[in-house]
Amino acid sequence: MNNGFSTGEEDSRGHADQTCCLIDDMERCRNQAGYASYSKRIQKTVAQKRLKLSSDPSAQHIYICDHHKERIQSVRTKRRRKDSEDDSNETDTDLHEYPDLYQLSVGTLRRYKRYFKVQTRQGVKRAQLADTIMKHFRTIPIKEKEIITYFVFMVKTGTNKLDQKNGIGNDTT
């Protein structure tokens, strides 16, 4: 582990033999590590919220246990709810919770990169690739009303409105 970045070696290993990489209030966590990683983005959240968590420099990975993952997420959720009630000037993208791309496999991240033609350096590590893809993902515009309309239509009819435009699945009996 090097400043929150994965070395790439641990990406192919399982997590069954690994413990959480965090030090919680001066004591190393002994819980089994899950698939959530202690990325730079998460480290920033922890620092902003003044949680007494830090990465153990002797840890050979950046994976954290479910307990710490839920603890960090609960702090982020509380902040988001409070902000959305107090500040009506926020944009739609500020209110959306993004998926944790740091849990995806390298192959999945590369497929995303190839599909959307995201530019990166050659040989970039998994954590750096996830950071780059997250930046790109956040730039994709969200048409919330349109998405909700399509979703409600699909639930009511059991079909996909986009498929109907293409002549697929026209009988809704």
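This one's a predicted model, so the numbers in the text were calculated from it and none came from an experiment.
Rounded to the nearest 0.5 Å, atoms CZ (Arg126) and OG1 (Thr108) are 9.5 Å apart. The CD atom of Glu70 sits 6.0 Å away from the CG atom of Asp66 when rounded to the nearest 0.5 Å. Note that NE2 of His136 is 4.5 Å distant from OG1 of Thr139, once rounded to the nearest 0.5 Å. Separation of atoms CD (Gln128) and OG (Ser39) is listed at 12.5 Å; rounding is to 0.5 Å. Atom CD1 in Ile62 sits 8.0 Å away from atom CD in Gln43 (nearest 0.5 Å). With rounding to the nearest 0.5 Å, the separation of CG in Leu101 from NZ in Lys135 is 13.0 Å.
Heavy-atom minimum distance, Thr19 versus Arg28: OG1-NH2, 3.2 Å. Counting all heavy atoms, side chain and backbone alike, Gln18 lies closest to Tyr63 at OE1-CD1, 3.8 Å. Considering all non-hydrogen atoms of both residues, Cys20 and His61 come closest at C-CE1, 4.2 Å.
Linking ILVMFWY side-chain heavy atoms closer than 4.5 Å, directly or via other members, places Ile140 and Ile133 in a single hydrophobic cluster. Side-chain heavy atoms closer than 4.5 Å link hydrophobic residues (I, L, V, M, F, W, Y) into clusters, and following such links, possibly through other members, connects Leu51 to Leu22. One hydrophobic cluster, built from ILVMFWY side chains closer than 4.5 Å, cannot hold both Ile64 and Met26; they sit in different ones. Val124 is connected to Tyr112 through a chain of hydrophobic side-chain contacts under 4.5 Å among Ile, Leu, Val, Met, Phe, Trp and Tyr, so both are in one cluster. At a threshold of 4.5 Å between side-chain heavy atoms, the hydrophobic network of Ile, Leu, Val, Met, Phe, Trp and Tyr places Leu109 and Tyr115 in one connected group.
The environment of Phe116 atom CZ is dense: over 12 non-hydrogen atoms of other residues, nucleotides or ligands sit within 6.0 angstrom.
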Exercise. Check the pair Lys143 / Thr149 against side chain to side chain contact (heavy atoms under 4.5 Å, CB included), numbers first and verdict last.
Key: CA-CA 10 Å; Lys143 299 174 184 173; Thr149 303; over 6 Å; no
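Between Arg71 and Asp24 there is a salt bridge, since a side-chain N of the basic residue sits under 4.0 Å from a carboxylate O of the acidic one.
Residues His68 and Tyr38 have side chains that never bring a donor and an acceptor to within less than 3.5 angstrom of each other.
The backbone N or O of Ser105 lies less than 3.5 Å from no partner atom in the side chain of Arg110, so there is not a single donor-acceptor pair.
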